[in-house]
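Take a look at the structure below.
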2 protein chains.
Amino acid sequence: MSTRRETVRQALNESTGFRSAQDLYANLRSEGSKIGLTTVYRALQALSDSGEIDVLRTDDGEAVYRACITDTHHHHLVCRDCGKAVEVEGPQVERWAEAMGTQHGFTDVTHTVEVFGTCAACAAA
Amino acid sequence: MSTRRETVRQALNESTGFRSAQDLYANLRSEGSKIGLTTVYRALQALSDSGEIDVLRTDDGEAVYRACITDTHHHHLVCRDCGKAVEVEGPQVERWAEAMGTQHGFTDVTHTVEVFGTCAACAAA
DNA sequence: CGCAATTTTGACAATCGTTTTCGTTTTCGT
DNA sequence: ACGAAAACGAAAACGATTGTCAAAATTGCG
C-alpha cells in the first residue's frame, strides 16, 4: 500500500462531488505535493478496480471519480459551472428503473442517473 | 441538406445498435465511399444537435451514436452483454429531475439516465 | 545494519479519439 | 453561367489517458 495512493484517496474523500484526474492532480500540485500525473491516474485506477471509488464519464469524455461516501444508493445534482454537487435520492427513479428492466425481460438491473444544472450562485454571476 | 449527412444518417439507420464514429467511417470507406473522417464527425454532431440521433459514452470514453426511433425525450435500457438497447420513457424521472433542480436552487436542469441489465437472451446463455 | 531484489514513482513520449484549420470543391440563387 | 456561401477532406492540433523506462523508495534476508 503506497503513500501516494492514500494521498489520492484522501483528496477524493475531502471532495464533495466528482473530480477529474487532471483536476485532482492540479489540486495536489498546488498544495505543494510533488506527485506526478501518471501516479494520480494509477492510483485512481487501482482504487476504482478495488471498488473503493466510482467512475463515470462526462459528456465530453472526461473520466470523473468520486469516493463512495455513503452506502445508501443516491445520485448527484451537479453544477455545470462550479462543479458543486448535491446528493439527492429518488425512490421513484429506483422503482422506475427496476420496472423498466423487468418489463423488458432484463435481469440484474443497475442504473446511472446524473442531473446537471446551474446552481444559484453561478446563475447570479 | 448535404448528401454526405444523408449518407451517415442512412448508415446509422441501417444499424441495429450503437456505432462509433470510427466504426461508421471504416464501414463507409469499405463500401467504396470517399467520405472523410472529418465529415463523419461533423454529420454526427449535426444530427445529434438536431436531436435526430442519440449519443452516449462507452466506459473507455468513446462516443457512440444511435438513430432515434422516436422523437420524444427518452432513455436507454442497455444489455451489458450484447449491447442491445431498448428505448424507454419515464415521465416520472423527468419530473423528479426537474423537482430536484428547483428544490436546490438549480436552473437550466438537464439529466442523463442510463439503465443497464442483462437481456433475456444473454441471461439464457 | 547492509545490500540486492522488487516495487513504486514521475518525467516524458506515445496513443487515440475528436476537433480545428485551411485550401479546394460543390451547391444554390439569380 | 457566375459569384457567394456552404460543405468537404487531408492533415495538423488537441487533450485526456496510457506506456516506457530509469531513478528512488521500500522490502527481504543474511
Side-chain angles (χ1 to χ4, degrees), chain A residues 1-12 15 17-67 78 80-81 83 85 112 114 116, chain B residues 1-12 15 17-67 78 83 112 114:
Chain A
M1 289 308 143
S2 85
T3 307
R4 292 310 199 186
R5 179 138 96 206
E6 285 306 324
T7 305
V8 173
R9 188 209 310 268
Q10 190 180 331
L12 259 190
S15 312
F18 286 93
R19 309 288 307 274
S20 73
Q22 308 276 346
D23 185 20
L24 278 170
Y25 169 67
N27 220 147
L28 289 169
R29 268 316 180 97
S30 75
E31 286 172 3
S33 171
K34 294 287 180 296
I35 197 170
L37 180 56
T38 311
T39 308
V40 173
Y41 275 106
R42 268 194 293 242
L44 289 170
Q45 193 115 288
L47 289 169
S48 150
D49 284 349
S50 71
E52 295 175 68
I53 63 176
D54 283 340
V55 195
L56 64 85
R57 293 271 174 177
T58 63
D59 281 346
D60 59 324
E62 205 180 13
V64 288
Y65 308 82
R66 83 160 136 86
V78 186
R80 66 167 69 84
D81 282 337
T112 61
E114 298 300 328
F116 298 95
Chain B
M1 290 307 141
S2 83
T3 307
R4 293 307 200 188
R5 184 178 320 184
E6 286 306 326
T7 305
V8 172
R9 188 209 310 270
Q10 190 180 332
L12 259 190
S15 310
F18 286 92
R19 309 286 306 274
S20 75
Q22 309 276 345
D23 185 21
L24 277 170
Y25 170 66
N27 219 148
L28 289 169
R29 268 318 182 93
S30 74
E31 285 172 2
S33 172
K34 293 289 181 296
I35 198 171
L37 179 56
T38 311
T39 307
V40 173
Y41 274 106
R42 268 195 292 243
L44 288 171
Q45 194 117 287
L47 289 169
S48 150
D49 284 349
S50 71
E52 296 175 67
I53 63 176
D54 281 339
V55 196
L56 65 86
R57 295 268 173 177
T58 63
D59 282 345
D60 60 325
E62 204 179 15
V64 288
Y65 307 84
R66 185 182 196 281
V78 186
T112 61
E114 298 298 330

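Just so we're clear, the structure is a prediction, and the values are computed from it rather than from any experiment. Keep in mind that the numbers below use all heavy atoms, side chains included, and drop hydrogens, waters and symmetry copies. Throughout, protein chains are lettered first and strands after them, A, B, ... in sequence-line order, and every chain is numbered starting at 1.
E6(B) places its CD atom 19 Å from the P atom of dA6(D), with the value rounded to the nearest Å. Per the geometry, CG belonging to D60(B) stands 17 Å off C1' belonging to dG19(D), to the nearest Å. Between the P atom of dG9(D) and the CG atom of L28(B) lies a distance of 11 Å, rounded to the nearest Å. The CZ-P distance, from R19(A) to dT17(D), rounds to 14 Å in whole Å. Across the protein-nucleic acid pair, D23(B) atom CG and dT18(C) atom P stand 11 Å apart, rounded to whole Å. Whole-Å rounding puts the L24(B) CG to dT18(C) P distance at 11 Å. Rounded to an integer number of Å, the gap from CZ of R5(A) to P of dT9(C) is 8 Å. Rounded to whole Å, atom C1' of dT17(D) lies 13 Å from atom CZ of R57(B).
Side-chain N/O atoms of R29(A) include one lying less than 4.0 angstrom from OP1 or OP2 on dA11(C).
Secondary-structure annotation of DNA chain C gives the stems C:1-30 with D:1-30, with a stem taken as at least 3 successive Watson-Crick or G-U pairs whose two distances both fall under 3.5 Å.
Remark: R5(B) CZ to Q10(B) CD distance equals 15.0 Å, nearest 0.5 Å. To the nearest 0.5 Å, atoms CG (L24(A)) and CZ (R29(A)) are separated by 13.5 Å. Summarising the geometry, atom CG belonging to L47(A) is positioned 5.5 Å from atom OG belonging to S50(A); distances are rounded to the nearest 0.5 Å. Note that OG of S20(A) is 12.5 Å distant from OH of Y25(A), once rounded to the nearest 0.5 Å.
Looking at every heavy atom in both residues, V55(B) comes nearest to A63(B) through CG1-CB, 4.3 Å. The two atoms that bring L28(A) and A11(A) nearest to each other are CD2-CB, 4.0 Å, heavy atoms only.
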Show me, pair by pair, the donor-acceptor contacts under 3.5 angstrom made by side chains of residues 33-45 of chain A, not counting sequence neighbours?
| residue | atom | partner | partner atom | Å |
| --- | --- | --- | --- | --- |
| S33(A) | OG | I35(A) | N | 3.2 |
| K34(A) | NZ | G32(A) | O | 3.4 |
| Y41(A) | OH | Q22(A) | NE2 | 2.9 |

For this session: Walk me through it: do R66(B) and F18(B) pass the test side chain to side chain contact (heavy atoms under 4.5 Å, CB included)?
Result: CA-CA 5 Å; R66(B) 185 182 196 281; F18(B) 286 92; 3.5 Å; yes
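Near DNA chain D, meaning a heavy atom under 4.0 Å away, the residues from residues 30-49 of chain B are K34(B), I35(B), G36(B), T38(B), T39(B), R42(B).
Nucleic acid contact for Q22(B): base, since at least one base atom lies under 4.0 Å from a heavy atom of the residue.
In this structure, V64(B) and R19(B) have side chains that are not in contact, with every pair of non-hydrogen atoms separated by 4.5 Å or more.
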